[in-house]
Amino acid sequence: MTDRADWEALFSRVENPHLPQSWAYGDAVHASRDWRLRHRALDAGGWRPRRLVFERNGAPVAICQLIEKPLAGLRWAAVVDRGPLFLDPEPREEVLRDVLSTLRRGRRYFGLVLILVPSLLDEPQNERLLRELGFLPREIDGYSSFRVNLRLSEEDMFDKLTSRWRRQLRQGMRTGASVTFSSSPEDAEWMIDRHVQNMKEKGFDTPEPPLVRALYAASPDDFLVARAVLDGESLAGLAAVKFGLGSDYYIGWVSELGRKTNINSFLFWETALELRRRGCHLFDLGGMRAGATEPFKRGMGGDSYKTIHNWLAF
């Protein structure tokens, strides 16, 4: 599929979408195709998106974005990151089987290797299905996160917070800080600079700044920068990305004073309410690390989920 409007129309029907399957993300990966060169020489030449629509009886049932890897002019591999996405929130097993088997059979058109990171939940029946269809498991764990339900009323969202999270939220509110929202290039660059600072201080390296900049460039209006400001000073910031009915926490930063005053709870809460006002149904808290980010994200009262591990098809 080459028409963005048609893709977005189908994407907006997905109840639980994932950022890596969005049109903007595919364009961002392609635009920042040289960002990995320092890591692996094999990545030279870049990646490019391909969008697929699966139909049954003439009606679309699923969509899937692949990122193809050419090498020496040939398609070498393709990656499906948290896809395919099904238009029915509870697709029948026959639909799952048809879509996944078609994807596997079509592998030869995408490259020598298909790397599948499914959107399917980590459940025994999904493992059995993928094995039956000939996919081979990889020893790479699935994706775990929490989704805050923005379809609830503000009162119901507040009731789902843990008691500790509520205390932290109230403490952040008592600072008198305000939260601003912007999608301007200046604020996006400010947030990316804070992200780089955060990576250096905490020793992590993703998402890479060129990819973040490319994602902003691919869809600026969907890249929302939130700042907690007190007396003209920014205490914390985050970038949330909107896609279809969903949104993701993508990058963030908090100052030492912000940590001491629990400003992050106030910032995340206000961001969730703003995304709700902008029509999002879900706020995905962007993955978690056990013992690190997990307690904070669990406390916000979202629904936890984990996708099944990674697979290969040759």
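Keep in mind that the numbers below use all heavy atoms, side chains included, and drop hydrogens, waters and symmetry copies. Small disclaimer: the values here were computed from a predicted structure and weren't measured. Start at 1 with the first residue, then count along the sequence.
- Put simply, the side chain of Phe135 reaches to within 4.5 Å of the side chain of Leu116, judged on heavy atoms.
- The line from CZ of Arg174 to CG of Asn262 is 9.5 Å long, rounded to the nearest 0.5 Å.
- Using modelled atom types, one finds no donor on one side chain facing an acceptor on the other under 3.5 Å when comparing Asp3 with Trp7.
- Using a 3.5 Å distance cut-off with no hydrogens or angles, the side chains of His281 and Glu15 do not pair a donor with an acceptor.
- In the hydrophobic cluster analysis, where Ile, Leu, Val, Met, Phe, Trp and Tyr join through side-chain heavy atoms closer than 4.5 angstrom, Trp253 is grouped apart from Val229.
- In this view, Asp88 satisfies the salt bridge (Lys or Arg N to Asp or Glu O under 4.0 Å) rule with no residue, not counting sequence neighbours.
- Within the model, atoms CZ of Arg82 and OG of Ser22 stand 10.0 Å from one another, a figure rounded to the nearest 0.5 Å.
- For the pair Arg138 and Trp311, the cation does not sit on the ring face, since its NZ or CZ is not both under 6.0 Å from the ring centre and inside 45° of the axis.
- The aromatic rings of Phe268 and Tyr249 are tilted relative to each other, their planes meeting at an angle between 30° and 60°.
- Ring planes of Phe204 and His195: tilted class, angle from 30 to 60°.
- Cation-pi geometry between Arg276 and Phe283 is not satisfied (NZ or CZ under 6.0 Å from the ring centre, within 45° of the ring normal).
- Taking CZ of Arg194 as the start and OG of Ser234 as the end, the distance is 8.0 Å to the nearest 0.5 Å.
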- Query: Yes or no on salt bridge (charged side-chain N to carboxylate O under 4.0 Å, His left out) for Asp141 and Lys306, after CA distance, side-chain angles and deciding distance?
  - Reply: CA-CA 9 Å; Asp141 207 6; Lys306 181 180 180 181; 3.0 Å; yes
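- For Tyr25 and Phe243, the gap between ring centers reaches or exceeds 6.0 Å.
- Aromatic ring pairs are classed by plane angle as parallel below 30°, tilted from 30° to 60° and perpendicular above 60°; the pair Phe296 and Trp165 is tilted.
- One side chain, Thr102 or Arg105, offers a donor N or O that lies under 3.5 Å from an acceptor on the other.
- Judged by a 6.0 Å distance limit and a 45° cone about the ring axis, Arg166 is positioned over the six-membered ring of Phe158.
- Residues Leu114 and Leu66 have side chains in contact (heavy-atom distance under 4.5 Å, counting atoms from C-beta outward).
- For the atom pair CZ (Arg298) and OG (Ser145), the distance works out to 11.0 Å, reported to the nearest 0.5 Å.
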- Task: Output, in order, the C-alpha distance, side-chain angles, deciding distance and verdict of side-chain contact (heavy atoms from CB on, under 4.5 Å) for Leu285 and Arg147.
- Result: CA-CA 6 Å; Leu285 300 183; Arg147 287 192 183 105; over 6 Å; no
